[in-house]
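Structure, as structure tokens:
Owing to the predicted nature of the structure, the values given are computational and were not obtained by experimental measurement.
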Amino acid sequence: QVQLVESGGGLVQAGGSLRLSCAASGRTFSNNAMGWFRQAPGKERKFVASINWIGSTTYYADSVKGRFTISRDNAKNSVYLQMNSLKPEDTAVYHCAARQFAGGSNQLGDYDYWGRGTQVTVSS
């Protein structure tokens, strides 16, 4: 059974940092692109960042460029999201996702596997 499990969320003050982790099990995702999406209460799930299979190409939503960094460790079957200079508007449930192709995507529908998410709350 394929599972993606996120961790690292929590409550942080504006300007602070958090590092999210996503551990995959059930199969290896070393040949697959991974992504992070987030969903605020009452809003649609939105793209945050993606990374290709080898980690050489990354994409970011405009709202997080320069503040967030996505990375991966294929030996650990894991992907990470370093979040700096956090803002209250970053508050959301953050979901890890994997797609069956090697290239990253900012489209929610391009991803085949999803984690349940981890809550990030940024206080002002």
Side-chain angles (χ1 to χ4, degrees):
Q1 182 181 359
V2 175
Q3 276 193 317
L4 299 176
V5 180
E6 302 93 339
S7 62
L11 173 64
V12 64
Q13 287 189 333
S17 298
L18 283 174
R19 185 179 189 241
L20 306 184
S21 298
C22 172
S25 62
R27 58 160 284 183
T28 179
F29 286 98
S30 59
N31 296 321
N32 304 86
M34 305 286 290
W36 286 96
F37 290 75
R38 67 187 181 185
Q39 188 166 16
K43 296 190 176 181
E44 294 182 346
R45 191 171 298 187
K46 292 186 176 180
F47 171 75
V48 175
S50 70
I51 188 166
N52 71 338
W53 71 284
I54 201 172
S56 60
T57 303
T58 56
Y59 298 108
Y60 296 95
D62 288 343
S63 58
V64 306
K65 276 181 185 175
R67 300 188 298 123
F68 291 11
T69 303
I70 188 171
S71 62
R72 66 188 298 160
D73 184 339
N74 285 342
K76 296 182 178 180
N77 219 21
S78 295
V79 65
Y80 309 97
L81 186 68
Q82 177 66 44
M83 306 186 296
N84 298 330
S85 302
L86 282 161
K87 304 175 181 180
E89 51 263 44
D90 295 318
T91 295
V93 176
Y94 284 71
H95 297 269
C96 171
R99 63 184 310 231
Q100 295 202 23
F101 297 97
S105 170
N106 62 358
Q107 299 298 307
L108 189 148
D110 285 347
Y111 289 81
D112 305 285
Y113 302 97
W114 291 88
R116 291 190 172 188
T118 185
Q119 176 70 48
V120 171
T121 303
V122 184
S123 63
S124 56

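There is a path of hydrophobic side-chain contacts, each under 4.5 Å, that joins Leu18 to Ile51. Clustering ILVMFWY residues whenever any of their side-chain heavy atoms sit less than 4.5 angstrom apart, transitively, puts Ile70 in a cluster other than the one holding Phe47. With hydrophobic clusters built from ILVMFWY side chains whose heavy atoms lie under 4.5 angstrom apart, Val64 shares a cluster with Tyr94.
When all heavy atoms of Ala23 and Ser78 are compared, the pair lying nearest together is CA-OG, 3.9 Å. Between Ser17 and Ser85, the shortest heavy-atom distance links the atoms OG-N, 4.3 Å. Across all their heavy atoms, Ala40 and Ala92 have their closest contact at N-CB, 3.8 Å. When all heavy atoms of Leu11 and Ser123 are compared, the pair lying nearest together is CD1-CB, 4.4 Å.
Side-chain contact between Thr91 and Gln119: present, with at least one pair of heavy atoms (C-beta onward) separated by less than 4.5 Å. Asp90 is listed as a side-chain neighbour of Arg38, based on a closest heavy-atom distance under 4.5 Å. Using a 4.5 Å heavy-atom threshold, the side chains of Ser21 and Lys76 count as separate. Within the 4.5 Å cutoff, no side-chain heavy atoms of Met83 are placed close to those of Val122.
The ring pair (Phe, Tyr, Trp, His ring centres under 6.0 Å) pairs that include a residue from residues 100-124 are Phe29-Tyr113, Phe37-Tyr111, Phe37-Trp114, where partners are two or more places apart or lie in different chains. Listed by first then second residue, pairs satisfying ring pair (Phe, Tyr, Trp, His ring centres under 6.0 Å) with a partner in residues 53-92 number zero, not counting sequence neighbours. Under the disulfide (SG to SG under 2.5 Å) criterion, no residue pair touches residues 30-88, with sequence neighbours excluded.
Using a distance-only test at 3.5 Å, with no hydrogens or angles considered, a donor-acceptor pair links the side chain of Asn77 to the main chain of Ala24. Side chain of Arg99 to backbone of Asp110: a donor-acceptor contact under 3.5 angstrom is found. One N or O on the side chain of Asn52 and one on the backbone of Thr57 form a donor-acceptor pair closer than 3.5 Å. Within the 3.5 Å criterion, the main-chain N or O of Cys96 finds a donor-acceptor partner in the side chain of Glu6.
No more than 12 heavy atoms of other residues, nucleotides or ligands sit less than 6.0 Å from atom CZ of Arg116.
Looking at Gln100, Arg72, Arg27 one by one, the single match for side-chain hydrogen bond (donor to acceptor under 3.5 Å, both in side chains) with Asn32 turns out to be Arg27.
For the atom pair OG (Ser124) and NZ (Lys87), the distance works out to 14.0 Å, reported to the nearest 0.5 Å. The line from CE of Met34 to CG of Asn74 is 9.0 Å long, rounded to the nearest 0.5 Å.
Hydrophobic cluster of Val93: no remaining members, since no ILVMFWY side chain lies below 4.5 Å from it.
With sequence neighbours excluded, the residues that form a side-chain hydrogen bond (donor to acceptor under 3.5 Å, both in side chains) with Gln39 are Arg45. Arg19 is linked by a salt bridge (Lys or Arg N to Asp or Glu O under 4.0 Å) to nothing, counting only residues two or more places apart in sequence or in another chain.
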